[in-house]
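Model, not experiment: these values are computed from the prediction. The basis for the numbers below is simple: all heavy atoms, side chains too, and nothing from hydrogens, waters or symmetry mates. Just so you know, residue 1 is the first one in the sequence shown, and it goes up from there.
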Amino acid sequence: MVIEILGAKMLSPFFGLSHFVWTAQIAVTLVALACGYYVGGRVADRSQRLPILFGSILAAAVCLCFSVLICESVSYWCLNFNLAMGSLLASMMLFFVPLALLAVTGPFLVRVITSSLSGVGGSVGRLTSISTLGSFAGTLWIGYFMIPWFPNSVTMFITSGVLMLVALSYFICFRRRAGGPLAIVILAAAAAGAGLYVQARRQPGWVVERFRGNSHFGMLQVLERTDTSARFYLNDNLVQNTYDPLRQQSLSAFTYMLSRLARAYTTNISEVLCVGLGVGIVPMEFAHTGARVDVVEINPAVVPLAARWFDLRPEQLEITIDDGRHFLNRCRKQYDVVVLDAFLGDSSPSHLLTREAFASIRRVLRPGGTLVINSFGELDPERDYFTASLYRTLQAVFGGVKLHTSNEGAMFFVASPRPNLAMVHPPQLDDVHPQARAETQAAFAGLTQPNLEHGRVLTDDYNPIEYYDAKNREEIRRRLALAARRF
C-alpha cells in the first residue's frame, strides 16, 4: 500500500492525479501481486530456504531505491504517449518489479509456517490478517505523516531502507554471512546519494530555489530568477503562478482577468468568496479595494508559503481550510462575487464543475452577483467537449453566461443570475503589469461562445470530463512539465 500510494504521488508531477493515473497504478499493483504470488508459490514448493525470502525483500528494496533515481527520466519519456498509456507504462517500468518481488513473500511465508494440512486454514488466516493490518497501518502512516512532511523521494528511500534493514538483520543474525547483501545495500545507497547530489546540483545559475516542502496536495516550490525580478510558484513541478516581488504584482494574466472581470460585470463589490487561494494575489486585490474577502483553500501549507514569498496578508482575509464543495454546501452567507480558481495542476477538480456545484454557488450569490471561473479549454471542434460542456452546465443554472479567452488555452467564464449579462463598468487595465497587459487585453476582447452541441450538462451523477478532455489535459500538463524542466 505504501508503494502504491507513494508511486502515484511520484507520478503526479508528470501525469497528474486523474483517474487514469490511479487506474494505472492500481492495475500495475494487482498484476504485479498476481505474478509475485504465482512465482512465490512455485518457488516455495521447491525450496523453503529463508535466504530466498529475504533475498527477494532485499532485491525489492534496491529496485525501489533506483526507481526514485530514474522516475523523472522515465516519466518524461512516457510523456510521448497519451495520458492513459504513458501513466501505465511509467507505473509498470518503475514499480512492477519491486511489487512483484514483495508479493513473492506471501505464499513463501504460508509454506514455511504451515507444518501440516490441518493447520493451513489457521496459518493463512493469521498471515492474511497480519498482512491486512500492516497495510492499514502503512496507509495511515504514509497518508497522514510521511507525505505531508517529507519529499516523496525521501519517503521512498526510507521505505527502501526499512526493507533493507529487515533483510540484513536476517543475514547478519541467522546466516552470519552478510558480506554480499551488505555490498548490495552500500552500492544502492551510494547510487542514491550520487543521484540526489546530481539532482540537487542540476539547478541552472539563473534561478535559485527559495523554498521546497511537501504537503498533502503535492510538493510546493518557490523559485526566483537571478537576472530579473520574477518569482515562480510550483506545485508538483508545474508552474502555478508568477510574481514580480519588486513591483508586488503578478506576472500572470489570469490573476488580472479574475479580478477585473468581476469588477467589469458586477455593479457593487463588498463581499467576495474565493474558492482557491493560489498564492493570494487575487483575494488580496479585492481586499485592497475595500471588499471583505472569504477564502476557502484545501491545502493549509499554501498559506504560510504565500505570506512569506508572495506578500499575502492573511489577517486581511477570512481563510477557511476546507474543500470548496463542502464549504459551499454549508455556507449560509451571500456574496457579490464568487471566484472559482481551484486547480490540481492542469485542471479544476471535476466535483466543482457540475450542475449541483453551480447550484450551490448560485445559492450564495446575491441577485446581481457574478461568478468568475478560471479554466483551461479549447474551441477546436474536435477538442471542445469540456469548454462546451462547462458553458452548457452554467447555462442550466444561471441566467447569463459569458466566455472570454485570449486563445492561449486559458478560458474565463462569467456567470450571473441576471438574464441579460453585460459589462456594467469598462475594464480597468492601466495598472496591469506590462508583461501581462497584452494577454489581458486580448482576453477581455476575446468574447466568444463554443458550439454547445459538442458538450453536455455535467452532473454529480455523470461527469466524464476527465475522459473526454484527457487529450487536452495531457498536452497542458506536458507543456507545463517541460517548461518546469528548465528549472
Side-chain angles (χ1 to χ4, degrees), residues 210-211 213 215-218 220 222 231-235 240-245 247-266 268-344 348-349 352 357 360-361 363-366 369-374 412 414 428 431-433 436:
R210 297 297 188 187
F211 173 85
S215 73
H216 285 291
F217 300 92
L220 310 180
V222 177
R231 191 171 287 168
F232 304 87
Y233 165 58
L234 287 77
N235 187 346
Q240 302 290 296
N241 213 328
T242 55
Y243 188 67
D244 184 340
R247 298 176 63 126
Q248 294 188 332
Q249 280 188 295
S250 173
L251 294 166
S252 301
F254 79 87
T255 57
Y256 299 102
M257 288 300 298
L258 292 175
S259 60
R260 308 308 160 87
L261 282 172
R263 295 180 194 172
Y265 282 96
T266 313
N268 180 59
I269 300 178
S270 59
E271 299 275 351
V272 177
L273 171 63
C274 293
V275 182
L277 174 69
V279 288
I281 296 174
V282 175
M284 290 303 299
E285 276 215 27
F286 286 112
H288 289 155
T289 62
R292 186 184 183 280
V293 184
D294 291 346
V295 180
V296 53
E297 168 60 45
I298 197 170
N299 191 354
V302 173
V303 178
L305 177 149
R308 182 177 179 184
W309 299 108
F310 296 93
D311 298 307
L312 172 70
R313 299 291 180 265
E315 67 278 4
Q316 297 183 22
L317 310 171
E318 187 67 33
I319 300 176
T320 301
I321 304 301
D322 198 357
D323 177 83
R325 185 74 182 273
H326 181 256
F327 179 91
L328 287 166
N329 290 338
R330 301 177 63 200
C331 183
R332 295 297 177 264
K333 294 179 59 176
Q334 285 202 312
Y335 301 92
D336 302 298
V337 170
V338 174
V339 175
L340 179 54
D341 185 29
F343 269 83
L344 290 175
S348 297
L352 292 172
S360 296
I361 292 177
R363 180 177 54 79
V364 303
L365 269 180
R366 289 174 177 150
T370 306
L371 165 65
V372 184
I373 302 175
N374 178 28
F412 303 98
V414 182
Q428 301 295 323
D431 58 343
V432 173
H433 195 285

Donor-acceptor contacts, no H, no angles, side chain residues 282-303, under 3.5 Å, sequence neighbours left out:
{"from": "Glu285", "atom 1": "OE1", "to": "Ser259", "atom 2": "OG", "distance (Å)": "3.1"}
{"from": "Glu285", "atom 1": "OE1", "to": "Arg260", "atom 2": "NE", "distance (Å)": "3.4"}
{"from": "Glu285", "atom 1": "OE1", "to": "Arg260", "atom 2": "NH2", "distance (Å)": "3.2"}
{"from": "Glu285", "atom 1": "OE1", "to": "Arg263", "atom 2": "NH2", "distance (Å)": "3.4"}
{"from": "His288", "atom 1": "ND1", "to": "Met284", "atom 2": "O", "distance (Å)": "3.2"}
{"from": "Thr289", "atom 1": "OG1", "to": "Phe286", "atom 2": "O", "distance (Å)": "2.7"}
{"from": "Arg292", "atom 1": "NH1", "to": "Asp294", "atom 2": "OD1", "distance (Å)": "2.9"}
{"from": "Asp294", "atom 1": "OD2", "to": "Lys333", "atom 2": "NZ", "distance (Å)": "2.7"}
{"from": "Asp294", "atom 1": "OD2", "to": "Tyr335", "atom 2": "OH", "distance (Å)": "2.7"}
{"from": "Glu297", "atom 1": "OE1", "to": "Leu277", "atom 2": "N", "distance (Å)": "2.8"}
{"from": "Glu297", "atom 1": "OE2", "to": "Asn299", "atom 2": "N", "distance (Å)": "3.0"}
{"from": "Asn299", "atom 1": "OD1", "to": "Ala301", "atom 2": "N", "distance (Å)": "3.2"}
{"from": "Asn299", "atom 1": "ND2", "to": "Ser215", "atom 2": "OG", "distance (Å)": "3.1"}

Which residues pass the side-chain hydrogen bond (donor to acceptor under 3.5 Å, both in side chains) test with [X], sequence neighbours left out?
| X | result |
| --- | --- |
| Arg247 | Gln249 |
| Asp341 | Asn374 |
| Tyr256 | none |

Whether Arg330 side chain and Leu328 backbone form a donor-acceptor pair below 3.5 Å: no
Atom pairs and distances, donor-acceptor, side-chain atoms in residues 268-276, under 3.5 Å, two or more places apart:
{"from": "Ser270", "atom 1": "OG", "to": "Asp336", "atom 2": "OD2", "distance (Å)": "2.8"}

Scan Val337, Val372, Thr370, Val339 and name whichever one has a side chain to side chain contact (heavy atoms under 4.5 Å, CB included) with Leu261. Val372
Side chain to side chain contact (heavy atoms under 4.5 Å, CB included) evaluation trace for Ile373 with Phe412: CA-CA 6 Å; Ile373 302 175; Phe412 303 98; over 6 Å; no
Applying ring-ring contact (aromatic ring centres under 6.0 Å, His included), name anything that partners Phe310, two or more places apart in sequence or on another chain. Tyr243
Student check: side-chain heavy atoms of Val222 and Phe232 closer than 4.5 Å: no
Does a side-chain heavy-atom distance below 4.5 Å link Pro349 with Leu352? yes
So, for His433 and Leu251, which heavy atoms are closest and what is the spacing to 0.1 Å? CE1-CD2, 3.2 Å
How far apart are the C-alpha atoms of Asn329 and Arg325, what are their side-chain angles, what is the distance that settles it, and do they pass the side chain to side chain contact (heavy atoms under 4.5 Å, CB included) test? CA-CA 6 Å; Asn329 290 338; Arg325 185 74 182 273; 3.9 Å; yes
Kindly compute the distance separating [atom1] ([X]) from [atom2] ([Y]), expressed to the nearest 0.5 Å.
| X | Y | atom1 | atom2 | answer |
| --- | --- | --- | --- | --- |
| Asn241 | Tyr233 | CG | OH | 9.0 Å |
| Leu365 | Ser360 | CG | OG | 11.0 Å |
| Ser252 | Asp244 | OG | CG | 11.5 Å |
| Leu371 | Leu340 | CG | CG | 6.5 Å |

Output, in order, the C-alpha distance, side-chain angles, deciding distance and verdict of side chain to side chain contact (heavy atoms under 4.5 Å, CB included) for Val279 and Trp309. CA-CA 9 Å; Val279 288; Trp309 299 108; over 6 Å; no
